S.K.: 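Sharing a structure below in structure tokens format, with a few things to ask.
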Amino acid sequence: MELKSLLIGILLISLLLFVGFLAVSKRMSRVEARNKVINRTVIDFVRERITALLIRSYALFMRIPPLRYYVLKVRSRLSLLHMYAEFELRRKTMLLVYTLLLAFGLGITLLTWMNPSLLFFLSLLITAVVLQGLFLDSFVNRIERKLLEQMLEFFAAVRHAYHRHGMVTDAIDEAAEGLGEEIGSHAYRMNEALTAPKQGEALEQYYEIAPNRFLKAFAGISSLVLEFGDKTARQGSVYLRAIASLTQEIHLDLIRRNKLDYLLKGLHVIALAPLFFTRPIEVWARRNFPLMDHFYLSKAGIVIKIMIFLIILISYILLQKLKNEEETLYRAEDSKIPWEARVYKVHWVSVVVQWFVPRRSSLSYYRLTQLFKENNQKIKVEWFQLRRISLFLISFLFTIVLCTTLHMVSQSRILREPPENTVFFGTMSRQEEEKAQKIVSLEKTAIEGLDNSSNGDYNAALKSTEAALSAHGESLSREELAMMANRIIDKLERYNHEYLKWWEVALALAAGGVAFETPLWLLWFQRRMRLTDMRHEIYQYMTMIGIFKEMERISVEEILEWLYVYAVIFKVPLERCLLNYSKGAEAALKEMKEEVSLEEFKRLVDKLLLAAEKITIAKAFDDLEYEMSFQFERRRLEYEKSLDTRAGFGRLIGFTPMYSLVFAYLVIPLIWMSFKQMDMYFEHIQKL
């Protein structure tokens with residue numbers, strides 16, 4: 001009975017504890033829920049405050065001219081991805097502006113604090129101007145990659161919806177639901193253009209703001225299917241095969257981007273790292289090796305500093321260019337007037353520029369105009385020559401100012417140069433430093449008492465030294481007095497030798513000549529690099545013609561009109577061909593064929609000639625699938641070779657600043673110091 005009562009008591013206690021535990025847990029859940037609500041409320045409040053600050057900052061920055069220019073620059077890069085939401089576009093623009101300004105502001109402040117120098121501060125400002133544009137490009141490229149990944153989901157959803165409905169607009173509208181914000185806004189805007197009363201005008205407006213060629217091609221293919229209807233060929237639906245081709249292109253592009261990012265990962269940090277170690281290395285070397293002061297404060301040391309800084313900057317820029325993920329930079333240009341056009345309106349400027357402009361009937365003028373067309377640049381030859389002249393003057397004056405500044409710095413260093421110390425390691429004691437400073441002050445006073453006519457005169461230097469000693473109340477032995485006079489003669493000779501020399505002017509002219517030719521070299525380089533972009537555009541033409549050849553009652557002129565809509569690089573030849581087409585199809589097509597040197601484009605025009613004269617479009621392009629397969633495989637191989645080449649160049653460029661810092665800023669100075677110390681030892685040995 002007692003055991004039974006004990007068990008009943010334990011049961012009752014367990015029940016009471018269980019009920020209490022439920023009550024406590026319920027209360028804790030309520031407290032946690034209340035805390036979550038409070039935390040969520042706080043987070044929402046902070047987010048709202050930050051958003052309000054960003055929107056107000058946008059309005060404030062737009063009133064200040066320098067900040068307005070920068071905000072508009074950032075906005076133009078983000079507008080292609082957030083063009084339909086003005087509020088979101090302004091918020092993300094200001095968020096990116098604040099991020100860049102704070103990051104570079106803190107970086108410049110930290111580096112200037114580590115190396116308090118006006119020249120170094122100005123160099124950091126120039127670097128920040130360059131790097132912020134590169135960081136902005138990197139940020140936009142990451143967003144574009146995210147958009148490509150969402151496009152794969154969008155195309156898959158369109159295929160699924162098209163199988164169910166068989167209607168293009170219904171499939172796009174259904175596929176846009178539940179997708180990411182970036183691709184969803186484009187899908188709705190595309191569907192509005194396809195269902196607009198004036199479809200052609202609406203599509204042209206969408207083509208101007210399409211963020212990449214895939215969405216542009218998809219909108220055009222959807223428009224063709226809406227107008228001519230879908231055809232079921234041997235390999236299935238033409239519309240679905242076109243979507244599959246675009247999906248294959250996106251997969252290839254994403255693989256290229258991801259592999260390139262993997263191969264060049266971390267090289268940017270390695271290239272920028274020496275920027276933070278230049279000052280610590282210099283401080284360590286000057287503290288442990290007294291003779292290193294002579295090197296780091298000399299013209300050679302200053303030039304090496306500038307060269308290392310330029311190597312770091314150029315290496316980072318080249319790495320960004322190697323990692324450049326934009327497939328084509330050829331978009332419709334804005335209507336703003338370039339600065340060359342405004343400056344060229346000045347009368348005396350136009351007169352000077354005309355001396356450098358070749359005659360309109362000359363071969364040089366024709367080559368320049370063709371180069372502008374091939375690079376899709378709307379610029380006059382006069383404006384281009386003005387740009388080259390401006391770069392020549394800037395480079396020439398910068399080199400002259402740099403050489404003059406180096407001479408002035410060397411003169412100041414010579415006056416403050418202490419006697420050579422025999423201490424090889426460590427630092428001088430306080431007494432030695434005070435003695436060296438007294439000698440420097442005496443020698444400076446003695447040099448100021450001499451004139452240029454007494455250069456190399458030992459007696460004049462000796463008298464000036466004695467006068468300086470009496471003025472400072474110092475006395476030296478005859479041997480020390482003679483040594484000081486010899487040092488004064490040496491300093492005065494080196495001081496008077498610091499002037500602008502003829503070879504420095506020649507160097508400035510050479511630098512100006514390189515700057516004068518740089519814009520032309522860039523145009524030639526861009527034209528060579530455009531080969532890949534040309535083949536991309538030809539592949540798009542083949543995709544569109546693959547749909548056209550299945551359509552009945554379509555003519556070559558209508559094909560050219562559709563190709564002109566998507567054309568970017570070949571827009572001018574296609575436009576001229578359409579204008580001359582009414583005078584004769586054969587002559588217009590042959591003229592367009594002669595105007596473009598790309599072999600793939602010529603083969604495409606040959607097939608259009610056959611379709612316009614003798615056979616049908618379907619027969620003229622009967623081998624189109626095999627040609628597209630070949631082009632795709634060739635581009636895939638070109639991508640692989642390009643990635644291997646970029647990886648090799650990337651590793652070489654990424655480690656170049658580190659090698660330059662170690663050898664030019666540490667190893668070479670140590671070797672110089674060793675030879676200098678050996679000379680000092682030999683001099684002391686000879687005096688024994």
Side-chain angles (χ1 to χ4, degrees), residues 78-86 88-89 140 143-230 237-251 253-254 327-328 331-332 536-537 539-541 543-544 546-548 551 561-568:
L78 298 179
S79 59
L80 293 175
L81 304 174
H82 303 282
M83 64 194 73
Y84 313 122
E86 179 66 23
E88 185 68 13
L89 178 59
V140 174
I143 298 179
E144 289 179 350
R145 185 182 304 180
K146 181 180 178 182
L147 180 64
L148 289 175
E149 293 173 353
Q150 292 180 358
M151 285 173 58
L152 292 176
E153 301 178 5
F154 173 61
F155 287 162
V158 168
R159 292 181 63 90
H160 182 70
Y162 187 76
H163 278 300
R164 289 196 300 168
H165 300 288
M167 297 293 294
V168 173
T169 54
D170 293 343
I172 295 176
D173 186 55
E174 181 178 334
E177 299 177 359
L179 294 177
E181 176 186 356
E182 291 83 0
I183 189 62
S185 59
H186 284 285
Y188 285 122
R189 184 62 180 268
M190 187 189 305
N191 204 22
E192 290 177 1
L194 292 173
T195 56
K198 297 181 179 180
Q199 185 190 94
E201 297 179 2
L203 280 175
E204 288 181 2
Q205 294 176 0
Y206 178 76
Y207 295 151
E208 293 179 357
I209 59 177
N212 54 50
R213 60 187 178 89
F214 303 113
L215 284 175
K216 189 176 179 182
F218 178 74
I221 293 169
S222 302
S223 175
L224 285 175
V225 174
L226 277 177
E227 181 176 355
F228 296 99
D230 193 9
S237 169
V238 174
Y239 183 59
L240 295 179
R241 282 194 291 115
I243 294 177
S245 177
L246 290 177
T247 303
Q248 191 179 28
E249 287 278 301
I250 295 175
H251 281 143
D253 191 26
L254 282 175
E327 290 210 0
T328 179
R331 295 186 178 274
H536 284 171
E537 194 161 318
Y539 193 85
Q540 289 183 26
Y541 294 166
T543 304
M544 304 304 297
I547 299 176
F548 289 136
M551 309 297 178
E561 290 176 355
W562 277 101
L563 296 183
Y564 174 74
V565 172
Y566 310 112
V568 178

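These numbers come from a predicted model, not from an experiment.
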S.K.: When rounded to the nearest 0.5 angstrom, what distance separates CE in Met190 from CG in Leu215?
M.R.: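 The CG atom of Leu215 is 5.0 Å from CE of Met190, to the nearest 0.5 Å.
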S.K.: If the condition is side-chain contact (heavy atoms from CB on, under 4.5 Å), which residues does Ala176 pass it with, not counting sequence neighbours?
M.R.: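 With neighbours one apart ignored, the set is Ala187, Tyr188.
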S.K.: How about Asp253 and Phe214: do any of their side-chain heavy atoms sit closer than 4.5 Å?
M.R.: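 Yes, their side chains come closer than 4.5 Å.
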S.K.: How far does CD of Glu192 sit from CG of Asp173, to the nearest 0.5 angstrom?
M.R.: 10.0 Å
S.K.: Do Ile243 and Ile221 make a side-chain contact, defined as non-hydrogen atoms from C-beta onward lying under 4.5 Å apart?
M.R.: no
S.K.: Can you sort out the partners of Glu201 under side chain to side chain donor-acceptor pair (under 3.5 Å), two or more places apart, ordered by chain and number?
M.R.: none
S.K.: Tyr541: which residues meet the ring pair (Phe, Tyr, Trp, His ring centres under 6.0 Å) condition with it, sequence neighbours left out?
M.R.: none
S.K.: Can you tell me how far the CG atom of Leu148 sits from the NZ atom of Lys146, to the nearest 0.5 Å?
M.R.: 12.5 Å
S.K.: Would you mind writing out the side-chain donor-acceptor pairs for residues 151-159 within the sub-3.5 Å range, not counting sequence neighbours?
M.R.:
{"from": "Arg159", "atom 1": "NH1", "to": "Leu240", "atom 2": "O", "distance (Å)": "2.8"}

S.K.: What residues, two or more places apart in sequence or in another chain, satisfy side-chain contact (heavy atoms from CB on, under 4.5 Å) together with Tyr564?
M.R.: Lys571, Leu574, Glu575, Leu578
S.K.: What's the separation between atom CD1 in Ile172 and atom CG in Leu226, rounded to the nearest 0.5 Å?
M.R.: 7.5 Å
S.K.: Ignoring hydrogens, what is the shortest heavy-atom contact between Ile183 and Gln150? Give both atom names and the distance.
M.R.: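 Closest approach of Ile183 to Gln150, heavy atoms only: N-OE1, 3.2 Å.
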S.K.: Do you know the tightest heavy-atom contact between Tyr206 and Arg189?
M.R.: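 The pair with the smallest heavy-atom distance is CD1-CG, 4.0 Å.
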S.K.: For Ser223, give me all partners under side chain to side chain donor-acceptor pair (under 3.5 Å), at least two apart in sequence or on another chain.
M.R.: Gln199
